[in-house]
Amino acid sequence: MATFYLSTGVPLLKSDSTRVADHLASCRNVSDAFGIEAKTGRMYVQSKQIALIRCSRIAEKQDVASYKGSLDTDQDISNSTLDHQSNGFPLSRMKLTTKSRRKTKIVCTIGPSTSSREMIWKLAEMGMNVARLNMSHGDHSTHQKTIDLVKEYNAQFKDKVIAIMLDTKGPEVRSGDVPKPILLKDGQEFNFTIKRGVSTEDTVSVNYDDFINDVEVGDSVLVDGGMMSLTVKSKTNDLVKCVVVDGGELKSRRHLNVRGKSATLPSITDKDWDDIKFGVDNQVDFYAVSFVKDARVVHELKDYLKSCNADIHVIVKIESADSIPNLHSILSASDGAMVARGDLGAELPIEEVPLLQETIIKRCQSMQKTVIVATNMLESMIDHPTPTRAEVSDISIAVREGADAIMLSGETAHGKYPLKAVNVMHTVALRMESSLPVNSTTPNPLSVHKRHMGDMLAFHTTTMANTLKTPIIVFTRTGSMAILLSHYRPCSTIFAFTDDDRIKQRLVLYHGVMPIYMQFSSDAEETFSRALELLLDKGHVVDGDHVTLVQSGAQPIWRKESIHHIQVRRILG
């Protein structure tokens with residue numbers, strides 16, 4: 001059964017909602033305070049007269065020396081206020097203050113501009129949650145230095161954490177090296193050859209022997225994600241003859257796409273397997289696998305990781321035309337997805353990309369998978385200190401659509417203003433989150449009944465926390481309950497306490513989750529009290545606040561296996 005505990009005098013909402021608060025404060029049975037609609041399963045506030053169930057007090061501060069958690073820096077970005085509505089009751093006006101926390105996470109690509117110890121520290125303080133290693137550039141020794149620095153950061157700052165994502169190069173088709181940039185002019189004839197080492201004014205090598213077989217007369221070849229384009233006019237055994245449609249400067253190792261087609265290369269190349277092994281040896285937290293076309297690739301990688309006893313989650317990059325028909329099976333096999341809009345927009349018509357982004361985000365939400373939106377989010381800030389207004393809107397749309405994370409690539413890897421780029425992403429995401437209605441991302445409760453008890457618990461915990469405007473505290477050893485809660489998008493922070501460092505690092509990618517390392521004692525009440533004291537000590541809650549506390553999900557930590565608890569406690573210092 002599900003057991004719910006409410007505390008005395010819970011001030012549900014202020015201002016216009018005083019009547020609801022007075023009603024809940026007088027409850028004696030939770031069934032009188034909250035009802036569940038028969039058709040939808042949605043929890044709602046009843047209007048019966050009732051008294052109290054439970055109240056807990058933190059009387060004295062206890063030792064929190066074992067704390068090693070991740071607590072984001074609170075930032076004041078605005079004094080603006082917004083009106084919100086939920087379930088017919090007007091919520092108190094939301095104000096961005098020093099207690100406002102960004103829920104959408106930020107992934108930063110580490111490169112020459114940010115690979116120093118000083119810059120990684122600054123990126124983290126500015127808002128970076130995940131450090132991305134782009135294996136298309138650099139070598140293992142370069143990436144090893146980054147990994148070591150991130151681990152040093154995590155060890156030095158016990159109240160913060162950065163996860164590590166290794167992004168495989170994948171089966172990229174690229175042009176060869178050129179001594180100097182080749183200027184392509186509109187209408188000019190230009191050729192690609194599978195012979196190695198060719199670089200002339202009208203011909204350059206490609207690194208893929210089957211390029212000849214993959215293209216047909218009339219195909220459009222896009223260079224650098226569409227910065228230049230050519231049309232195939234004819235081909236021989238080793239040469240593809242083209243006419244330049246949109247010219248530009250062709251530099252070394254530029255990415256080539258054929259519109260509407262994917263290369264017939266394996267999704268995981270020999271180089272990728274070497275890089276994956278490198279990730280296993282260094283215990284990275286996530287793999288971002290490039291150009292995934294079907295679920296078989298994901299299963300192959302997961303089988304390999306299982307054989308290595310490696311607990312690393314697999315994020316599939318949706319960036320090829322072939323992946324779209326197989327989207328459901330690919331997502332089912334994975335732990336999450338990245339909307340890699342650069343190559344996606346090169347292989348498919350660009351007008352399809354916004355629709356695909358929205359579709360992939362919704363599909364991931366319905367399947368409880370994390371989702372990252374990437375590519376060109378602040379592209380202009382590679383060279384300029386301020387973004388375009390369109391880029392600001394792009395970030396806002398990704399946040400509004402419900403992405404778990406948004407990503408910076410060249411902006412932080414080799415851009416001139418990496419710290420400003422992260423700050424822009426942070427402030428725009430935080431501002432957009434403050435404008436979203438509390439219940440805007442509440443999932444269909446009918447889907448809850450089709451799953452296990454953990455879903456039911458997460459759904460109703462979120463409902464209670466949203467109604468009472470409280471943060472959520474969850475205790476987890478596997479991360480599953482924190483991830484479920486993240487999926488239901490509560491309006492406040494999810495403080496996820498775990499006694500596993502690996503879980504702490506993984507959870508930092510998930511929307512709204514603030515992972516905190518803390519050893520659990522055999523006594524549940526002692527652990528609860530230490531957790532509340534820790535949050536009080538760090539200033540994440542204040543005396544008199546209420547918190548919604550859920551013990552665990554499918555795997556019990558302290559409770560009897562047949563009993564689940566949701567408690568609302570008042571913090572008294």
Side-chain angles (χ1 to χ4, degrees), residues 106-111 130 132-137 165-175 206-208 220-230 246 248-263 265 267 272 287-293 315-324 327 330 336-361 371-383 387-388 390-391 393-395 397-398 401 403 405-415 421 425:
I106 296 176
V107 181
C108 296
T109 305
I110 305 302
V130 181
R132 171 179 173 254
L133 310 178
N134 185 357
M135 305 310 286
S136 295
H137 304 282
M165 176 180 291
L166 187 153
D167 195 326
T168 64
K169 180 180 179 181
E172 296 179 334
V173 180
R174 291 184 179 269
S175 60
V206 294
N207 66 343
Y208 173 42
S220 294
V221 178
L222 304 183
V223 182
D224 238 3
M227 301 303 292
M228 293 166 276
S229 64
L230 305 90
D246 298 303
E249 276 195 343
L250 177 64
K251 299 178 182 179
S252 295
R253 303 180 189 180
R254 297 298 91 184
H255 196 183
L256 306 179
N257 295 96
V258 180
R259 175 77 76 186
K261 295 181 178 180
S262 298
L265 285 164
S267 292
D272 293 336
Y287 288 122
V289 185
S290 299
F291 297 99
V292 175
K293 302 174 188 176
I315 306 296
V316 291
K317 294 174 68 176
I318 307 300
E319 56 186 337
S320 68
D322 290 345
S323 66
I324 302 306
L327 185 60
I330 290 172
M338 180 188 294
V339 188
R341 303 177 301 179
D343 286 295
L344 195 60
E347 293 199 4
L348 294 170
I350 55 173
E351 63 270 21
E352 298 296 327
V353 174
L355 298 174
L356 287 170
Q357 173 177 311
E358 184 178 12
T359 298
I360 293 166
I361 291 173
V371 58
I372 304 165
V373 175
T375 319
N376 303 134
M377 300 211 81
L378 288 172
E379 186 81 2
S380 70
M381 291 193 73
I382 292 176
D383 296 307
T388 67
E391 289 169 337
S393 294
D394 187 32
I395 294 171
I397 289 168
E401 289 177 342
I406 44 185
M407 194 175 96
L408 295 169
S409 299
E411 300 94 332
T412 52
H414 58 83
M425 189 164 268

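Heads up: numbering here begins at 1 and tracks the sequence. Computed from a predicted model, the values in this text were never measured in an experiment.
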Report summary line: Across all chains, not counting sequence neighbours, the side-chain hydrogen bond (donor to acceptor under 3.5 Å, both in side chains) partners of Ser220 are none

Query raised in the report: Under the side-chain hydrogen bond (donor to acceptor under 3.5 Å, both in side chains) test, which residues partner Asn207, sequence neighbours left out?
Result: none

Applying salt bridge (charged side-chain N to carboxylate O under 4.0 Å, His left out), can you list everything that pairs with [X], at least two apart in sequence or on another chain?
X	value
Glu358	Lys362
Glu379	none
Lys261	Asp219

Is [Y] close to [X] at the side-chain level, that is, under 4.5 Å between some pair of heavy atoms?
X	Y	value
Leu344	Ile324	yes
Arg174	Lys169	yes
Lys317	Val292	no
Val371	Glu401	no
Arg132	Ser409	yes

Requested in this report: Let me see the working for Val223 and Leu256 under side chain to side chain contact (heavy atoms under 4.5 Å, CB included), right down to the final yes or no.
Outcome: CA-CA 5 Å; Val223 182; Leu256 306 179; 3.8 Å; yes

Is [X] reaching over with its side chain to a backbone N or O of [Y], donor-acceptor style, under 3.5 angstrom?
X	Y	result
Thr109	Leu408	yes
Glu411	Leu378	yes
Ser267	Phe291	yes
Arg341	Thr375	yes

Would you tabulate the side-chain donor-acceptor contacts of residues 347-356 under 3.5 Å, counting partners in other chains and residues two or more places apart, or write 'none'?
| unit_1 | atom_1 | unit_2 | atom_2 | d |
| --- | --- | --- | --- | --- |
| Glu347 | OE1 | Ser262 | OG | 2.9 |
| Glu347 | OE1 | Ala321 | N | 2.7 |

Report task. Starting from the C-alpha separation in whole Å, work towards a yes-or-no answer on side chain to side chain contact (heavy atoms under 4.5 Å, CB included) for Glu319 and Ser290. Result -> CA-CA 8 Å; Glu319 56 186 337; Ser290 299; 3.3 Å; yes

Report summary line: The single option from Leu166, Asp167, Thr168 that satisfies side chain to side chain contact (heavy atoms under 4.5 Å, CB included) with Val289 is Thr168

